[in-house]
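In what follows, residues are counted from 1 in the order of the sequence shown. Every number for a ligand or one of its atoms is a count from 1 in the order of the listing.
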Amino acid sequence: MADKFYITTPLYYVNASPHIGHSYTNIAADCLARYMRRNLGDKNVWFLTGTDEHGQKMQKAAQDAGLAPQEFADKMVLQFKGLWGKLNISYNDFIRTTEERHIKIVQKVLDILYKKGDIYQAKYEGWYCTPCETFWTGTQIQDQICPDCKRPLEKISETNYFFRLSKYQPWLVDYINSHADFIKPQSRRVEMLSFLKLNQLTDLCISRPKERLSWGIPLPFSPQHVTYVWFDALINYISAVGEFDSKDKYNSVWWPADLHLIGKDILRQHAIYWPIMLHALDIEPPKTIFAHGWWLIAETKMSKSRGNVVSPLEMVDKFGIDVYRYFLLRDVPFGLDGNFSEEAIIKRFNDDLANDLGNLVYRTLTMIEKYFQGSIPQLEIDKIQFDNKGNDIKEKLKILSIYEVRTELRTDFNFSSALEKIWDFINMANKYIEDTKPWNLLKDKKENELKAFICLLAEVIRRVAFNLAPFMPATAESILEQIGKEKIKKGKPLFPRIDNLEAKT
Ligand code: MSP
């Protein structure tokens, strides 16, 4: 396919309800997918999300809920789909790891790698962390405590299957070094390279004996074992969009993925295990893996055990869908951690949305209503000579979407600074109104100037709405509907200020 864009999100564990961290990745992916659809056409963009439904955590959560794992997953998946519907997430496909189309490809991958000798059987003795589903060797741990989650480890000894990660370490280091865009942002690339420099990779244990874990995909060459949940889940990125042929060659019109969006905590699985798995299968790695930061609550990570998990639905009910989307994409540069609080949302709401954007739209519509009875003067902006400020705006109209927003989004995935560029423009227009003082133009009978001025502002608003559409789809639509082409349809102010939260709820 000539120019296409295949974007993915992680597959979310369905052992608990979705929280704001999950919604962050999907809103970011949705914004990019919408933006790219506009550039490449709908049929050249594929946006995949879904759920990770196997493994110990799921088995345990289902048990606690008194349900069979599949029944539990079927119930939980509805919460994720419901949330994505509410947040306007325009995914093209939703994959569940318990679907047949996925299981079939996972077993095929296992079969190919086993035949090739990249998966082998060995006796495993070591320490296991059940909540993290991670094995540790004696030298990696202290006091029998998990180095990641600090919970007690279990000593185990069993026969398992291993994937030869170690064999491919030199290839991976070369690959990362020679592909500057493979891991982003740059700080994460450096982190992975230094990890690989300091550590000799050990082969990855990719099976669990059935007596310890029954909820997983059976290994085709050893039905007594199920597949390790990470090895299973990563394969979704290819199982959703392609097939292996009779010569074990993978075919897909979408692969390689253009972008895997993930959180920083799952970078190692994506930047180490996954490219090595693909390389062993003779499949090209994804073009870019971007790891974003975390949303923290009062500087600490959200977690069920701390009881500080924020529900996206609650935030949307309080502030509205597009306000929530705007806040997440605007408040923190993509890649860094941010502090989530309702006070911070209210500040963004009042400053950026009510004062800047809402005000620009409302006062312009009011002027059109007052001075031109709701009809927008129809002039060709290109042919008009404005004063300096007007000319600056005219110039900016030309570059805003084709250059400024594009660079920020397509090259750097920097939502926050793309929005900043749009806001610079909004503020420029607000300042233009204040400096021009249109009521004086009317008083001095400068009707042509007034017409040109209004015409320019209407165009600015249309352009702002166009650029905002991937970030705030419903708001953009409502602005475009209100401003119209010839006749306006003025509605209520888009974002009435929040003076106290009670007033809004
Ligand atoms: N199932 C695995 C992913 C498999 S991908 C083949 C998983 N699931 S998860 O539900 O635990 O996490 C999914 C994503 O949510 C991760 O990218 C993680 O970084 C992100 N977040 C979880 N908490 C977060 C915040 N507090 N803030 C931002 N994102 C965070 O891992």
Side-chain angles (χ1 to χ4, degrees), residues 7-29 48-58 61 73 76-77 79-80 83-84 89 94-98 102 105-106 109 131-134 148-149 188 206 215-217 227-241 257 259-275 277-278 286 289-312 315 324 327-329 331-341 415:
I7 180 170
T8 69
T9 72
L11 295 197
Y12 303 101
Y13 286 129
V14 287
N15 59 334
S17 302
H19 59 60
I20 57 170
H22 305 134
S23 73
Y24 186 40
T25 327
N26 272 37
I27 288 172
L48 175 71
T49 189
T51 41
D52 191 349
E53 303 187 356
H54 290 125
Q56 199 112 34
K57 271 194 249 190
M58 261 298 292
M76 292 301 289
V77 77
Q79 290 193 21
F80 285 82
L83 178 63
W84 304 152
I89 305 298
F94 188 107
I95 189 161
R96 303 178 54 183
T97 55
T98 49
H102 174 72
I105 300 277
V106 171
V109 165
C132 296
E133 304 195 38
T134 307
D148 274 354
C149 74
R188 300 286 165 212
I206 55 116
W215 184 234
I217 301 178
T227 313
Y228 168 46
V229 68
W230 266 105
F231 193 89
D232 153 358
L234 286 163
I235 293 171
N236 89 88
Y237 301 129
I238 57 169
S239 69
V241 292
L259 182 62
H260 287 327
L261 274 189
I262 57 166
K264 63 178 183 180
D265 50 325
I266 54 174
L267 180 60
R268 217 177 278 178
Q269 290 88 341
H270 282 81
I272 296 179
Y273 302 171
W274 181 226
M277 286 162 69
L278 289 165
I289 298 164
F290 189 106
H292 64 65
W294 280 344
W295 282 101
L296 307 172
I297 305 291
E299 314 281 337
T300 54
K301 186 159 194 261
M302 252 180 313
S303 75
K304 231 170 131 184
S305 53
R306 286 199 194 98
N308 62 354
V309 175
V310 179
S311 148
M315 291 300 108
Y324 180 66
F327 175 77
L328 292 184
L329 296 175
D331 212 48
V332 173
F334 206 51
L336 303 183
D337 289 351
N339 260 306
F340 189 93
S341 73
F415 304 93

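Looking only at heavy atoms of the protein, atom 17 (O) of ligand 1 is closest to Gly263 N, 2.9 Å. Nearest non-hydrogen protein atom to atom 16 (C) of ligand 1 is Ile266 CD1, 3.7 Å. Atom 22 (C) of ligand 1 has its closest protein heavy atom at His19 CE1, 3.7 Å. Nearest protein neighbour of atom 14 (C) of ligand 1, counting heavy atoms only, is Tyr12 CE2, 3.8 Å.
Listed for the His22 side chain is no donor-acceptor partner under 3.5 Å among the backbone atoms of Tyr13. Under the 3.5 Å distance criterion, the side-chain polar atoms of Arg188 are left unmatched by any main-chain donor or acceptor of Phe290. Not a single donor-acceptor pair under 3.5 Å links the side chain of Asp331 to the backbone N or O of Leu328. Between the side chain of Asn339 and the backbone N or O of Glu299 there is at least one donor-acceptor pair closer than 3.5 Å. In this structure, the side chain of Thr227 engages the main chain of Ile217 through a donor-acceptor pair within 3.5 Å. Checking side-chain atoms of His270 against main-chain N and O of Ile266 turns up a donor-acceptor pair under 3.5 Å.
The closest non-hydrogen atom to atom 12 (O) of ligand 1, taken over Lys57, His22, Lys301, comes from His22. Proximity annotation for atom 18 (C) of ligand 1: of Asn26, Leu11, Asp265, Asn236, Asp265 comes nearest, heavy atoms only.
The contact set between ligand 1 and Ala233, taken as ligand atoms under 4.0 Å from a residue heavy atom, comprises 6 (C). Atoms of ligand 1 lying under 4.0 Å from at least one heavy atom of His270, given by number and element, are 5 (S). Within ligand 1, counting atoms from 1 as listed, the ones closer than 4.0 Å to a heavy atom of His292 are 28 (C), 29 (N). Interface of Trp294 with ligand 1, defined as ligand atoms under 4.0 Å from a residue heavy atom, comprises 19 (O), 24 (C), 25 (C), 27 (N), 28 (C), 29 (N), 30 (C). Within ligand 1, the atoms closer than 4.0 Å to a non-hydrogen atom of Pro10 are 5 (S), 17 (O), numbered from 1 in the order shown. Atoms of ligand 1 found under 4.0 Å from any heavy atom of Met302 (numbered from 1 in listed order, with element): 26 (N).
In terms of the salt bridge (charged side-chain N to carboxylate O under 4.0 Å, His left out) criterion, residue partners of Arg96 (sequence neighbours excluded) are, by chain and number, Glu53, Asp74. Residues forming a salt bridge (charged side-chain N to carboxylate O under 4.0 Å, His left out) with Asp337 (at least two apart in sequence, or on another chain): Lys264.
Screening Phe334, Phe327, Trp294 for a ring-ring contact (aromatic ring centres under 6.0 Å, His included) with Tyr24, the sole residue that qualifies is Phe334. Here the options are Thr49, Leu83, Leu261, the test is side-chain contact (heavy atoms from CB on, under 4.5 Å), and the partner is Asn26; only Thr49 passes.
Proximity of Thr25 to ligand 1 is not established, as no heavy-atom distance is less than 4.0 Å. Using a 4.0 Å cutoff on heavy atoms, Gly293 counts as a contact of ligand 1. Residue contacts with ligand 1: Gln269 is excluded, as none of its non-hydrogen atoms falls under 4.0 Å.
Close N/O approach between Tyr13 and ligand 1 is found [any backbone or side-chain N/O within under 3.5 Å]. At under 3.5 Å, a nitrogen or oxygen of Trp295, whether backbone or side chain, sits near a nitrogen or oxygen of ligand 1. Among the atoms of Leu234, none of the N or O lies under 3.5 angstrom from an N or O of ligand 1. The distance criterion of under 3.5 Å between nitrogen or oxygen atoms is not met by Ile262 with respect to ligand 1. At under 3.5 Å, not a single nitrogen or oxygen of Lys264, backbone or side chain, sits near a nitrogen or oxygen of ligand 1. Residue-to-ligand polar distances place Asp52 within reach of ligand 1: an N/O pair is separated by less than 3.5 Å.
Using modelled atom types, one finds no donor on one side chain facing an acceptor on the other under 3.5 Å when comparing Asn236 with His102. For Thr25 and His292, the side-chain atoms include at least one donor-acceptor pair closer than 3.5 Å.
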Practice item. Test His260 against Ile7 for side-chain contact (heavy atoms from CB on, under 4.5 Å), laying out the working first. Key: CA-CA 6 Å; His260 287 327; Ile7 180 170; over 6 Å; no
